[in-house]
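Encoded as C-alpha cells, the structure appears first; notes follow it.
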2 protein chains.
Amino acid sequence: MKELEQICEDIRKRRKSLGIIQTDLAEISGVSLRSLKEIETGKGNPTLSNLLKILNTLGLKITLTSRIKND
Amino acid sequence: MKELEQICEDIRKRRKSLGIIQTDLAEISGVSLRSLKEIETGKGNPTLSNLLKILNTLGLKITLTSRIKND
DNA sequence: AGTCAAAGGGCAATATAGTGCACTATTAGG
DNA sequence: CCTAATAGTGCACTATATTGCCCTTTGACT
C-alpha cells in the first residue's frame, strides 16, 4: 500500500474508532469538511498543516522512522 | 518543540548525516531547491507529496503514533 | 420501498504552496 | 582577511490546495 493511502486509511479508522462523523472531526480540527473528505478518500494532496490539525484532534502524531532496519 | 519544527529538524539532521547538500537532495527528490529550503528552515507549509518525496530520498517514512500511552 | 444520516463529488472562487531567478548571508579552509 | 561552497531570502509568476455551495450516492433502519 502506498504511504499516502496508509495515512488516509489510518485517519478514517481512527475517526470511526472514536465514533465521530466527518462533519464533527472537520469542525473540531478547524479544517473544512471538503478537505477532510478529500484526505479520507485519498484524493488530493493535503498540506502538512491541515494534516496535523486532523491528526491532533484524533490524538495522533507523526513520527519519522527509518525504512531500513537498524539504521 | 512544535511538531512541524521537529520534522524540519529531523530532515536537516538526516541530510547532514548522509553528507549531502540541499541542492542534491532537492534534485534527487524531484523537489525544487526553493521548496526544500523552506521546509528545512521551517517556513512555509509543505504539501504531503513534497514532504514524502524528500523523506523517501532520506530513507525515512511517516508513521502515525498515538499521543497517549497505551492507546 | 421510504426515509434519514452520513459520505462522496463537481464546480468555481480564493488562498497559498511550488518554483526560478537573483541576490545576500553564513560557514569553512587557505 | 579572502575565497569558495553552501545556505537563506525577496519577488513575481504558476500551479494547485482549500473552501463553500449544492447535488448525488450509499448505508442503515423501519
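A, B, ... follow the sequence lines: proteins, then strands. Residue 1 opens every chain.
Rounded to the nearest 0.5 Å, atoms CD (B:E3) and CG (A:L51) are 9.0 Å apart. Considering OG of B:S66 and CZ of A:R14, their distance stands at 5.0 Å, rounded to 0.5 Å.
Residue B:L25 contributes atom CG, which lies 17 Å from atom C1' of D:dA5 at whole-angstrom precision. The distance between atom NZ of A:K53 and atom P of D:dT18, rounded to the nearest whole Å, is 9 Å. Atom CG of A:L48 and atom C1' of D:dT16 are 17 Å apart (whole Å). Between the CG atom of B:L36 and the P atom of C:dT19 there is a distance of 10 Å, rounded to whole Å. In this structure, CD1 of B:I21 is placed 6 Å from P of D:dA7, rounded to the nearest angstrom. Nucleotide D:dT6 holds its P atom 14 Å from the CD atom of B:E27, rounded to whole Å. Spacing between atom CG of B:D24 and atom P of D:dT6 amounts to 8 Å, rounded to whole angstrom units. Regarding B:L33, its CG atom lies at a distance of 12 Å from the P atom of D:dT6, rounded to whole Å.
You'll find that the side chain of B:T41 is closest to D:dT9, out of D:dT9, C:dA7, C:dG18. Candidate nucleotides C:dT19, C:dG8, D:dT18 were compared by shortest atom distance to the side chain of A:E38, and D:dT18 ranks first. Nearest to the side chain of B:K37, among C:dA7, D:dT9, D:dA17, sits D:dT9. When the nucleotides D:dA17, D:dT18, C:dT19 are ranked by their closest atom to the side chain of B:S32, C:dT19 comes out on top.
In this model, the phosphate group of D:dA5 is not approached by any side-chain N or O of B:Q22 to a distance below 4.0 Å at OP1 or OP2. In this model, the phosphate group of D:dT6 is not approached by any side-chain N or O of B:R15 to a distance below 4.0 Å at OP1 or OP2. Close to D:dA17, at under 4.0 Å from its OP1 or OP2, lies no side-chain N or O of A:N50. Distances shown here put every side-chain N or O of B:T47 at or beyond 4.0 Å from the OP1 or OP2 atom of D:dA17.
Electrostatic pairing of B:K43 and B:E38 does not count as a salt bridge here, judged by no charged N lying under 4.0 Å from a carboxylate O.
No hydrogens or angles were tested; on distance alone, a donor-acceptor pair under 3.5 Å links the side chain of B:R34 to the base of C:dG20.
Minimum heavy-atom separation, B:G42 to B:L4: O-CD2, 4.4 Å.
Counting heavy atoms of neighbouring residues, nucleotides and ligands inside a 6.0 Å radius, atom CD of A:E27 does not exceed 12 of them.
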